[in-house]
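Accompanying notes for the structure given below.
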2 protein chains.
Amino acid sequence: MSYKVTIADIAKELNTTAATVSRALNNHPAISDETKHRVAEAAERLHYKPNKIASSLRSGKSFSIGVIIPSAEINFFGSVVHGIENLANINGYNVLIYQTNESRDFEVKGLETFLSARVDGILASIAKETSDYSHFIDIKQRGIPIVFFDRANDDLGISSVVVDDYRGGYLATEHLIEQGYRRIAHISGPQHIKIFNDRLKGYMGALQAHNIKVDFDLVYAGDVSIEAGKAAIKHMMELPHPPDAVFAVEDFTALGAIKELKDRNIKIPEQFGVIGFANELFGEHITPSLSTIDQQTVNMGKESFRLLLELINTNKSKAGKEAKLQKVVLKPVPIFRQSSAKR
Amino acid sequence: MSYKVTIADIAKELNTTAATVSRALNNHPAISDETKHRVAEAAERLHYKPNKIASSLRSGKSFSIGVIIPSAEINFFGSVVHGIENLANINGYNVLIYQTNESRDFEVKGLETFLSARVDGILASIAKETSDYSHFIDIKQRGIPIVFFDRANDDLGISSVVVDDYRGGYLATEHLIEQGYRRIAHISGPQHIKIFNDRLKGYMGALQAHNIKVDFDLVYAGDVSIEAGKAAIKHMMELPHPPDAVFAVEDFTALGAIKELKDRNIKIPEQFGVIGFANELFGEHITPSLSTIDQQTVNMGKESFRLLLELINTNKSKAGKEAKLQKVVLKPVPIFRQSSAKR
DNA sequence: ATGAAAGCGCTAACAT
DNA sequence: ATGTTAGCGCTTTCAT
C-alpha cells in the first residue's frame, strides 16, 4: 500500500502518456509550461514518489557512489566521509559506505557490492593489509570511475586526493628543531603504506636540512595506536642517548607517548616535546594539549567527490576518451599547541 | 565496456534460458546441482556481476536501508552507524546515510531520498529542530518499516531503541552523592528533547531518593557544547551557595565545565566533582579523565537494525498483520574515572 | 527440472 | 509539443 503511484497513473489522470509525464517531471525543454504545471500538481496530489530504481535501470545511471573506508571508528575517515556526503547530497548523489576493517577480503567484497549496486563511481582508501591491488585494477579496466583518497597508490593509474605527508612530516620535525629540542625521534607507521613512509621521509628531510644526522636508533617501527606510542617511549628512553622530543606518525601514537612520558614523570614540553599527526578531536582537550598536523579532512572529502564527479561526467560525454590522471595534493596545516611549546 | 554480462549471456553460453540461470544463481531448490555448477562456472568465467537494480525493480526488494542521523560529526552517531553497518552488511543490506544537521527540512529531504531509493526500511534519530512529526507519520502510513534510535518519540506508534536516560541521570547523580559531594548541580540540555528531559528527571530522582531537596538554582539550562559548560560554571560559581559537583548532560558540556573550573584553579576532583554523559572518545584521555555514562552505541546500532529487520520480514510475510510496537531500552553503563573520584 | 512469456517503472528513439 | 514503442536485466507465474 505504499509505493503504488506511477507516472502511468499520473498520465491516466491527465489523459496523456507516461512519456510526457516523465519529460515534464524531468523538466524537459520540449514540454509546455502548462503541461509541466499540471503534471506537478497531479504528482503532488497523488503523492507520487519517483522510483529511482526503475530510472536507474533504464538510464544506466544510479546517482549513487560507493565509498570504501578502512574504519568508521577512526575519526579521520568519519570526517572525510562527512565532506563527501555534503557535496554528494548537494549534487543529488546517494552515498554507500563500506568498511573494510583494514582487510583485503572485505575490500573485495565492498567493491563487489558496489558493482552490483551499479554505483556511478567509487572513492576508496586502501586497507593496511592490502598489497595486491588487482581488485582495483579490475575496477579501472571495467571503466568505472574511481578515485583514491588518503591511502592511495600511485602505480595504478588511478587519480587520488592526498595530503602532502612528506611536507607534513617535514613541518612537524622542523617545528621541534626550532623549538630547541636536540635529539628528535620518530615513531613511524607500517612502511608499506605510502603516507607513513612519506612522513618518515619528511622527518629525515627536515633533519638533513638543518644539518642533523639521522640516527636510526631514534626511528622506532611503530603503528597507529596508543600501545605503539607507549612501547616506543619505553624502548627509546632506555637507549644510551635517549631522545628529548618525538614526532609520532599519528595522534593516537602521540597520545601513547604522552601517557608513558607522564608515567615516567618526564615534563612535557619542558623536558620532552611531542607532536602528532591527524588533528584528532581529543588532541585539543588533553593535558598538555597536543601539537599536530591537520589533514584537511572535510576538504579532502570534497575534493575527492569533485574529482570523481569530473570523471563520471567525462566518462559519460566522451565515451572513447581516456580521462586524464589527476593527483590533488592538499597542504597540511600545522597546529602548534602545548605539547611542543618549549620556548 | 563495464557491466556488459547478463544472465542472458550466461544462458546463451549454456544453451539454456535466463529463467534457469536466475534460479540457479539464487539457489532455487528445483534446479539440479549439475546445472547450478555449470551456471556458477560460466558466471565466474564471464565475470558476471548481478545487477541489483534490475533485481530490485522486479522483486520490489532493494536490500538497502536508510539511516537518518542529525550529524556525522558527533562521535555518538558515528559509532551507532558503525553498529548498524556491521549487522546490515552481514545480512546483505546496503546502508544509505543521510545527515540532517539538526534541521527538519533536511530530515524531510532525507526521507524523500529514501523513498525514491525504495529502501526496505528506515532508521532515524530525530533532529533537534523537529517538533512537527508528520513526515514520520507519513512514512509509517505508507507501511514502510521504520525504527527510531536514541532520539525517539513515543507518541507516534513507532518502535524505538534508546538508552534508559532516566537511569543514566540517576546513576550519575547518585555516584556524586556517594562520593561525598554536597551541592550537586546539573547542566541540562534542551528540554523538548526527551532524552535530555529524562536525564534531568533522573538527576532529580536521585537527589530525592537521598533526601536532598532539589534546588533549581543548581539546574542550569544549557546544551551539548563546550561553551554551555563554561557558561554554566561561570554562572553557578557566582551564586551565594555555589555547587561542589556537577552532572553535565553530555561529555562536551562536562568538558567545558572542567575547562572553566581549571581556569578558576578549582581542584578536580578534590574540590569539585564532574560527571558527563555519552562516553565520548576524548573523556578517557583528558586530565583529569572524565567520569561518564556509556550509552552502548554499537549495541544500539545492532539492536536497531535487528528490530528493523524483524519489521521488514513480518511486513513481507503476513502482509495484513500489523507488526507489534516494540521499545528496546538499553542499560546505561557508568564509567567512573578521575573527575569524580573524591574518595 | 526447465522453458516461455510477461512485466517491474521508467526513459529514449523515433515518429508526428 | 506530445504520442508510440521498445527495452534496461531481472524475477516470476504458468506451462510442460
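Numbers restart at 1 for each chain; the letters A, B, ... are given by sequence-line order, proteins then strands. Computed from a prediction, not measured in an experiment: that's the story for all the values here. Side chains included, hydrogens not; waters and symmetry mates left out as well; all remaining heavy atoms used.
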Would you say that more than 12 heavy atoms from the other residues, nucleotides or ligands in this model lie under 6.0 Å from the [atom1] of [X], or not?
X      : atom1 : result
A:H28  : NE2   : yes
A:F106 : CZ    : no
A:K302 : NZ    : no
A:K109 : NZ    : no

Compare every heavy atom of B:L330 with every heavy atom of B:M300, then report the nearest pair and how far apart it is.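 Scanning both residues completely, I find the closest heavy atoms to be CA-CD1, 3.6 Å.
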For the residue pair B:F136 and B:A124, what are the closest heavy atoms and their distance?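 Residues B:F136 and B:A124, closest heavy atoms: CE2-CB, 3.9 Å.
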Under 3.5 Å, side chain of B:T297 to main-chain N/O of B:V80, donor-acceptor pair present?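 Here the side-chain-to-backbone pair does not exist.
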Whole-Å distance separating the [atom1] atom of [X] from the [atom2] atom of [N]:
X      : N      : atom1 : atom2 : answer
A:F63  : C:dC10 : CZ    : P     : 16 Å
B:L14  : C:dA1  : CG    : P     : 18 Å
B:K49  : D:dG9  : NZ    : C1'   : 17 Å
A:L115 : D:dG9  : CG    : P     : 15 Å
A:K4   : C:dG7  : NZ    : P     : 16 Å
B:N51  : D:dG7  : CG    : P     : 18 Å
A:R58  : C:dC10 : CZ    : C1'   : 8 Å
B:I53  : C:dC8  : CD1   : P     : 19 Å

Under 4.0 angstrom between A:S22 side-chain N/O and C:dT11 OP1 or OP2: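 For C:dT11, OP1 or OP2 has a side-chain N or O of A:S22 closer than 4.0 Å.
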In residues 26-45 of chain A, which ones come under 4.0 Å of DNA chain C, going by heavy atoms?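 Per residue number, the list reads A:N26.
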Thinking salt bridges, do [X] and [Y] make one under a 4.0 Å N-O criterion?
X      : Y      : result
B:E303 : B:R306 : yes
A:E102 : A:R151 : yes
B:D9   : B:K4   : no

Against the six-membered ring of B:F63, is B:K61 placed for a cation-pi contact (under 6.0 Å from the centre, within 45° of the normal)?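 Flagged: B:K61 positioned over aromatic ring of B:F63.
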Among C:dT11, D:dC10, C:dC8, find the nucleotide with the atom closest to the side chain of B:L57.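 Among the listed nucleotides, the one closest to the side chain of B:L57 is C:dC8.
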Given axes from five pairs at either end, by how many degrees does the helix from C:dA1-D:dT16 to C:dT16-D:dA1 bend, rounded to 10°?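 Result, rounded to 10 degrees: 30°.
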Under 3.5 Å, which N/O atoms of the protein pair with N/O atoms of nucleotides 3-5 of chain C?
{"from": "C:dG3", "atom 1": "OP1", "to": "B:T16", "atom 2": "OG1", "distance (Å)": "3.4"}
{"from": "C:dG3", "atom 1": "OP2", "to": "B:T16", "atom 2": "OG1", "distance (Å)": "2.2"}
{"from": "C:dG3", "atom 1": "OP2", "to": "B:T17", "atom 2": "N", "distance (Å)": "3.3"}
{"from": "C:dG3", "atom 1": "OP2", "to": "B:T17", "atom 2": "OG1", "distance (Å)": "3.3"}
{"from": "C:dG3", "atom 1": "OP2", "to": "B:T20", "atom 2": "OG1", "distance (Å)": "2.6"}
{"from": "C:dG3", "atom 1": "N7", "to": "B:R23", "atom 2": "NH1", "distance (Å)": "3.4"}
{"from": "C:dG3", "atom 1": "O6", "to": "B:R23", "atom 2": "NH2", "distance (Å)": "2.4"}

